[in-house]
Amino acid sequence: MEYNPRQIEKKWQNIWEEEGAFEPSADHHKRKKYILSMFPYPSGRIHMGHVRNYVIGDAIARYYRKQDWNVLHPIGWDAFGMPAENAAIKHNLHPKKWTYENIDYMRKELDSLGLSFSKTREFATCNELYTRWEQEFIIKMFESGLLYRESTVVNWCEPCHTVLANEQVEDGCCWRCGTQVVQKKMPGYYIDIVKYADELLGDLKLLEGKWPQQVLTMQSNWIGKSVGLNFKFALSDDSIARLGGEFDGFSVFTTRADTIYGVTYAALAPEHPIVKQLLKLGAVADAPQIEAMAQMTERERAQAPKEGYALGIDALHPLTGEKVPLWCANFVLASYGGGAVMSVPAHDQRDWEFAQSYHLPVKQVIQGDMSSGAFTLSGTMMGSGEFDGMDSVEAKAKIIGLFEAKKLGQAEVNFKLRNWGVSRQRYWGAPIPFVHCDSCGLVPEKVENLPIVLPDDVVITGEGNPLQNHPTWSHCHCPQCGKEATRETDTLDTFVQSSWYQLRYATDPQKWRTEGINKADANYWLPVDQYIGGIEHAILHLLYARFFTRVLRDLGMCDIDEPFDRLLTQGMVLKEGAKMSKSKGNTVDPDQLIAKYGADTARLFVLFAAPPQKELEWNDSAVEGAFRFIKRLYDRKTKATFRDLPQIDHSMLSSESKEARAKTYEALRKSTEVYENSFTFNTLIAACMEALNALDKQSDPAVWSEGIYILLNLLEPIIPHVVTELSDELFGRANLSGAIALKDEVFVQDSITLAVTINGKKRTEIVMPSDASEAEILASAKEAGTKWLEGMSIIKEIVVPAKLVNFVVKPS
RNA sequence: GCCCGGAUGGUGAAAUGGUAGACACAGGGGACUUAAAAUCCCCCGGCUAUUGCAGCUGUGCCGGUUCGAGUCCGGCUCCGGGCACCA
């Protein structure tokens, strides 16, 4: 019979569904594996990035299930978010309807790939039951002081009367109406992730070897811990007067206290209160330029050339009392270190460049080469009074000590990490469960009133905030005093939902109505043993989820610190050199691939095309080979005449049959490493292809039967439909449970081939008995290499066992 | 701009510091066929040479360490990801 993927795949998908084959056991005594691929945003259709993500996860889940682990492999939908509202604006569709229709369509697409998901645990984060528990967590965070309200700047479009996401700002203008976007101060909700910064940073060490080093480095840099000195610059008397007596100084943070004597100016961010005050009093010459600077986003400023304006006021150097002129500069971040820096052009590259541009003095205080810019290393102190001659590392500690002793400042730890802004002025999100009461202020909703659900009757135009525009929704009564009050109209960032879904999946769905997270279930299943997702989530999602899990732990919901034990970051699927994404519209439709070749071919192809960690540049012509391999495998079923793993006397076989067995067992040996550690499925598939090629070159029925028995076992996680079909027919599926033992005798070689290299360059080869001594090998190698050794004297002889011989020679 | 990666034949790729290009795709040649498809066999980095054996060169660029570097180190180039309201 011909290979018919359509029929085979449908057949086994139905059987698996009927058997509930992928539902985990509730028995917490069983050894478990929690295999999780990041859940998708229901954008409409799946793309190749999804296929890659879910096929990798599925192969790992199937591998462990085959070894009789209790496997949790769930799927769900990250269902809130902006694209649903964009669809509403563009096509006048309700976000809820759009989202659920997308989910239904994408579920069918994923089903057609034969993914082994636990279906009873599927949910969408826009479900009210999910929102209900999330709102309770948010209230608990507020009550524990971790969540607070504060004003910061957002992108604002005046005509649309709405806050814009960074993505919605194109060249500084609104994506809808093209108006220049302004930076506007607005209140929002924040979660104090900085409070957990030290734990999040320190625990990265526990993930060494389990997460890609690249991700650990990125997270560590993102948290950006630095230890230094915080001190206060006093303002000169005339400067205080110019500021109307409102300020007498300002704080700065520096990691280079050792360069304090090299300060020649100080710089403030355009948002700094002192700058604001000068602008307010009209007491600064370059006010329009400074205001323009304040209108730029942080990233625009970082990309712009360094720019600054003298403020015409002075601070006093804390140790020398000298006047230090103040500048307002675009490279000073308002969000870090108090929005002010001391500037030491001699020992900081950024300050040096700025000083060059504005002809500011440079004062060297550490000995070192300054011919090509700032000297930023440590060294011997100079021009620093009592610290001269001291090593700068030692001087740094001494100077901090001096500031502390004189009560001028103190040692301080600073983080680049900023608190997590979780509020969005949008409709399609989880409502933030608070009420604004004229008498009581900000009051959390009563837990028994949760969930606070979205109204369905909204008009979404892109103008204003639909919840604010709604005639009645925000009218409510204060949960505390009962007076008329206003419901909060902000909704939660969608990163909040994706920060605890791994705990929700672990909770038995029968408890979903009464519990957000079941502690016993969570403690059994968590941490996720293998998490799989795109490298683009390396920082934000993974850091927020690590943080949120710890917060829930501290609120008593679980006993987990790290949610994800091991992480595999798949490379992106690129097309035309760029990320395939819904916003760029450069997607490839996997449905056509599946319709033409079947799910097994699609699965094999996506795993064979490249190692998972690497970027995959899309190329549809390579699918053919994957299909051909499956077909060949299928056609060889007639070669398996034994119904079980045969007993074989290796020594009696032809050399071709020996080679076939060696290749087969080589693939088997490789498989453990691939499925459990490296995930380089492409090399395992290549090894299986080599084994099949070698089996084809011989005709021993026992070797054939053994080969097919083993190859089916190795390939089941990758191409499960065709493998189960063949295994069912040939071996009654006996080869699909448990591990197959290696047989060492098949790897024993009679002879080995060694390369003969001269000065590292390969010249020829020799074949030696595998038990040849080093002396015998050298003798043979010299004989084989006579041609290149004539007239040369051998300086050194190197024998690398089973690999090569190298002669280091020179003309004699 | 800052942080993190990547670069190997026409293409996707393989290679514990030890014979570069396994395994595939595309291409070329052949067998089978009335023909085509499918299948099977052979060739396939570049240059030079050739009846034949062969020689040189080659893993983005420049330099270094080493008996030996695609792999380690330093400096670049180009491409990609992230940069806190896309997910």
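Chain naming here is simple, since letters A, B, ... match the order of the sequence lines and numbering starts at 1 in each. Treat the numbers as computed from the prediction; the structure is a model and nothing was measured.
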Exercise for the section: Answer with yes or no whether Gln425(A) presents, from its side chain, a donor or acceptor under 3.5 Å of a partner atom in the base of C85(B). Expected result: yes
Practice task
Scan Glu298(A) against the nucleic acid and name what it touches under 4.0 Å (heavy atoms): base, sugar-phosphate only, or nothing.
Solution key: nothing
Exercise for the section: Answer yes or no: side-chain N or O of Arg426(A) and base N or O of C85(B) forming a donor-acceptor pair under 3.5 Å. Expected result: yes
Please list, pair by pair, any protein nitrogen or oxygen found under 3.5 Å from a nitrogen or oxygen in nucleotides 38-48 of chain B.
residue, atom, partner, partner atom, Å
A38(B), O3', Lys631(A), NZ, 3.4

Completion exercise
Partner of Arg424(A) under side-chain hydrogen bond (donor to acceptor under 3.5 Å, both in side chains), picked from Asp493(A), Asn465(A), Asp490(A), Thr491(A), is Asp493(A)
Practice task
Provide the distance between the two P atoms, one in C73(B) and one in A7(B), to the nearest whole Å.
Solution key: 14 Å
Practice task
Give one of base, sugar-phosphate or nothing for Val163(A), where a contact means two heavy atoms less than 4.0 Å apart.
Solution key: base
Practice task
Just call it for Ser498(A): base, sugar-phosphate, or nothing, with non-hydrogen atoms closer than 4.0 Å on any strand.
Solution key: nothing
Fill in the blank from the handout: Assigned chi class of G9(B) under the 90° convention is syn
Exercise for the section: Name the nucleic acid region contacted by Val756(A), choosing base, sugar-phosphate or nothing; use a 4.0 angstrom heavy-atom cut-off, strictly under. Expected result: nothing
Problem - Distance, rounded to the nearest Å, where Leu778(A) contributes CG and C67(B) contributes C1' - result: 14 Å
Exercise for the section: Would you classify Glu690(A) as touching base, sugar-phosphate or nothing, given that sugar-phosphate means primed atoms plus P, OP1 and OP2, and contacts are heavy atoms under 4.0 Å? Expected result: sugar-phosphate
Exercise for the section: Quick one: label Ala538(A) by what it contacts on the DNA or RNA (base, sugar-phosphate, nothing), any heavy atom closer than 4.0 Å. Expected result: nothing
Handout entry: Nearest-angstrom distance from the residue atom CZ of Phe608(A) to P of A26(B)
Key = 12 Å
Exercise for the section: Could you check whether Trp156(A) gets within reach of a base, just the sugar-phosphate, or nothing at all, counting any heavy atom under 4.0 Å? Expected result: nothing
Exercise for the section: Report which part of the nucleic acid Ser423(A) touches: base, sugar-phosphate, or nothing (heavy-atom distance under 4.0 Å, all strands). Expected result: base
Fill in the blank from the handout: When pairs are called at under 3.5 Å and a stem needs at least three consecutive Watson-Crick or G-U pairs, the stems of RNA chain B are B:1-7 with B:77-83, B:10-12 with B:23-25, B:27-31 with B:39-43, B:45-48 with B:54-57, B:60-64 with B:72-76
Exercise for the section: Please work out if Pro611(A) contacts a base, only the sugar-phosphate, or nothing of the nucleic acid, heavy-atom cut-off 4.0 Å. Expected result: sugar-phosphate
Exercise for the section: Test for a donor-acceptor pair under 3.5 Å between the base of C3(B) and the side chain of Asn221(A), counting only N and O atoms. Expected result: no
Practice task
Quick one: label Trp420(A) by what it contacts on the DNA or RNA (base, sugar-phosphate, nothing), any heavy atom closer than 4.0 Å.
Solution key: nothing
Fill in the blank from the handout: Between CH2 of Trp175(A) and P of C85(B) the distance, given in whole Å, is 17 Å
Practice task
Would you mind classifying the nucleic acid contact of His541(A) as base, sugar-phosphate or nothing, using non-hydrogen atoms under 4.0 angstrom?
Solution key: nothing
Practice task
Name the nucleic acid region contacted by Lys810(A), choosing base, sugar-phosphate or nothing; use a 4.0 angstrom heavy-atom cut-off, strictly under.
Solution key: nothing
Exercise for the section: Would you classify Ile685(A) as touching base, sugar-phosphate or nothing, given that sugar-phosphate means primed atoms plus P, OP1 and OP2, and contacts are heavy atoms under 4.0 Å? Expected result: nothing
Problem - Rounded interatomic separation in angstrom, taking CG from Leu804(A) and C1' from C67(B) - result: 10 Å
Exercise for the section: Looking at every strand, decide which applies to Gly421(A) at a 4.0 Å heavy-atom threshold: base, sugar-phosphate, or nothing. Expected result: sugar-phosphate
